[in-house]
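What follows is a set of notes on a single structure, which appears directly below.
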Amino acid sequence: MITLIVGTPNSGKSVLAESIAMEQAKEKKYYVATMIPFGEEGKKRVEKHRKMREGKGFITLEWPENMDQRMTTIDFSHATVLLECMSNLIGNEMHSKENKNRNEAALKAKIIASIRKLSNVAENLILVTNEFPSQEEHYDEDTKRYVRLVAEVNKELITIADQVFSYIDGKWCQYENC
């Protein structure tokens, strides 16, 4: 089962995702952390999320990029995997040395292939992602590219997810019921 949670920053995506993971998990629970904590604010955010997971039985994997290469070392067959956050993963992949010359279509294909591979080996996969306004005057070209790529990956994830939750008008709803 693939569950996608789409919302704005600070909308409670993590709380919803962890709640779903706790309900779905029969055996192991993995938390795939994709954030590279830059600066003090990033470190505080990572610590906040670690405290939120404390005592819930998650095995944390720090995988900010190249998931497809890393996942071969773990048996996810009876596991629930919570990946937080696609937006971080996309940014990390976009700015990695390995991918600096890839266009948006190639990056999207690489990221989606990794997610499909992970969904094929995990019993349950919960994906957390952000949505951003697409047209902002203050966006530089790199940010515009990032926002487009996040939107394109999200569109593809919606098509492969079994259930999608969106944050609309201050509340969570399932995608088809929003």
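Judged as a salt bridge (charged side-chain N to carboxylate O under 4.0 Å, His left out), and not counting sequence neighbours, Arg70 has no contacts.
If you chain together hydrophobic residues whose side chains sit under 4.5 Å apart, Met22 and Tyr31 fall into the same group. Following chains of ILVMFWY side-chain contacts shorter than 4.5 Å, one can reach Ile158 starting from Leu83, so the two form part of one hydrophobic cluster. The cluster map of Ile, Leu, Val, Met, Phe, Trp and Tyr, joined by side-chain heavy atoms under 4.5 Å apart, puts Met1 and Leu127 in different clusters. No continuous path of hydrophobic side-chain contacts links Met52 to Ile20 [ILVMFWY only; heavy atoms under 4.5 Å].
Taking the side chain as every heavy atom from C-beta outward, Cys85 and Met35 never approach each other to under 4.5 Å. Looking only at side-chain heavy atoms (C-beta outward), Val32 and Val81 come within less than 4.5 Å of each other. Looking at heavy atoms from C-beta onward, His78 lies out of side-chain contact with Lys26 at the 4.5 angstrom threshold. By the 4.5 Å heavy-atom criterion applied to side chains, Ile126 and Gln24 are counted as neighbours. Using a 4.5 Å cut-off on side-chain heavy atoms (C-beta onward), Met67 and Leu89 make contact. Taking the side chain as every heavy atom from C-beta outward, Arg116 and Ile112 approach each other to under 4.5 Å. Put simply, the side chain of Met71 reaches to within 4.5 Å of the side chain of Trp63, judged on heavy atoms.
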Assess the residue pair Ile5 and Thr129 against the criterion (side chain to side chain contact (heavy atoms under 4.5 Å, CB included)); give the C-alpha distance rounded to whole Å, side-chain angles, the decisive distance to 0.1 Å, and a yes or no.
CA-CA 6 Å; Ile5 300 170; Thr129 190; over 6 Å; no

Which is it for Thr8 and Glu131 under the side-chain hydrogen bond (donor to acceptor under 3.5 Å, both in side chains) test, yes or no, and what are the steps along the way?
CA-CA 5 Å; Thr8 57; Glu131 60 184 355; over 6 Å; no

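With rounding to the nearest 0.5 Å, the separation of CD1 in Ile74 from CG in Leu61 is 4.5 Å. To the nearest 0.5 Å, atom CD of residue Glu23 and atom OG1 of residue Thr3 are 10.0 Å apart. Atom OG of Ser11 is separated from atom NZ of Lys171 by 14.0 Å, given to the nearest 0.5 angstrom. Rounded to the nearest 0.5 Å, atoms CD1 (Ile59) and NZ (Lys29) are 8.5 Å apart. In this structure, NZ in Lys28 is found 6.5 Å from CG in Asp75, a value given to the nearest 0.5 Å. Between the CE atom of Met86 and the CG atom of Asn88 there is a distance of 10.0 Å, given to the nearest 0.5 Å.
Without hydrogens or angle criteria, Glu93 side chain to Asn66 main chain gives a donor-acceptor distance under 3.5 Å. The main-chain N or O of Thr143 is found under 3.5 Å from a side-chain atom of Asp140 such that the two form a donor-acceptor pair.
Of all heavy-atom pairs spanning Ile2 and Ile160, the tightest one is CD1-O, 3.6 Å. Taking all atoms of both residues into account, the shortest heavy-atom contact from Thr60 to Ala33 is CG2-CB, 4.4 Å. The heavy-atom pair separating Asp68 from Thr72 by the smallest distance is O-CG2, 4.0 Å. Summarising the geometry of Ala21 relative to Leu82, their closest heavy-atom pair is CB-CD1, 4.1 Å, with the distance given to 0.1 Å. Listed here is the closest heavy atom pair of Ala106 and Arg102: CB-CB, 4.1 Å. Nearest heavy atoms, Ser77 versus Glu123: O-CB, 3.9 Å.
Salt bridge present: Glu152 and Lys155 bring a charged side-chain N and a carboxylate O closer than 4.0 Å. Under a 4.0 Å N-O distance rule, the pair Glu104/Lys110 does not qualify as a salt bridge. Electrostatic pairing of Glu54 and Lys51 does not count as a salt bridge here, judged by no charged N lying under 4.0 Å from a carboxylate O. Salt-bridge formation is not detected for the pair Glu65/Lys97: no Lys NZ or Arg NE/NH1/NH2 atom is positioned less than 4.0 Å from an Asp or Glu carboxylate oxygen. Salt bridge Arg53/Glu18: absent, no basic N to carboxylate O contact under 4.0 Å.
Heavy-atom contacts from other residues, nucleotides or ligands closer than 6.0 Å to NZ of Lys44 number 12 or fewer. Environment of NE2 in His95: crowded, with over 12 heavy atoms of neighbouring residues, nucleotides or ligands closer than 6.0 Å. The 12-atom threshold is not exceeded at CZ of Arg45, counting heavy atoms of other residues, nucleotides or ligands nearer than 6.0 Å. Open room surrounds CD on Glu41; 12 or fewer heavy atoms of other groups in view lie less than 6.0 Å from it.
The aromatic rings of Phe132 and Tyr146 lie tilted to each other, with the angle between the two planes from 30° to 60°.
Remark: Lys144 is not positioned above the aromatic ring of Tyr139, lacking an NZ or CZ atom under 6.0 angstrom from the ring centre and at most 45 degrees off the axis.
Centroid-to-centroid, the aromatic rings of Phe76 and Tyr30 come within less than 6.0 Å. Ring to ring, Tyr167 and Trp172 are close: their centroids are under 6.0 angstrom apart.
For the pairing with Ser87, the side-chain hydrogen bond (donor to acceptor under 3.5 Å, both in side chains) check across Asn154, Asn92, Asn130, Thr34 returns one residue only, Asn130.
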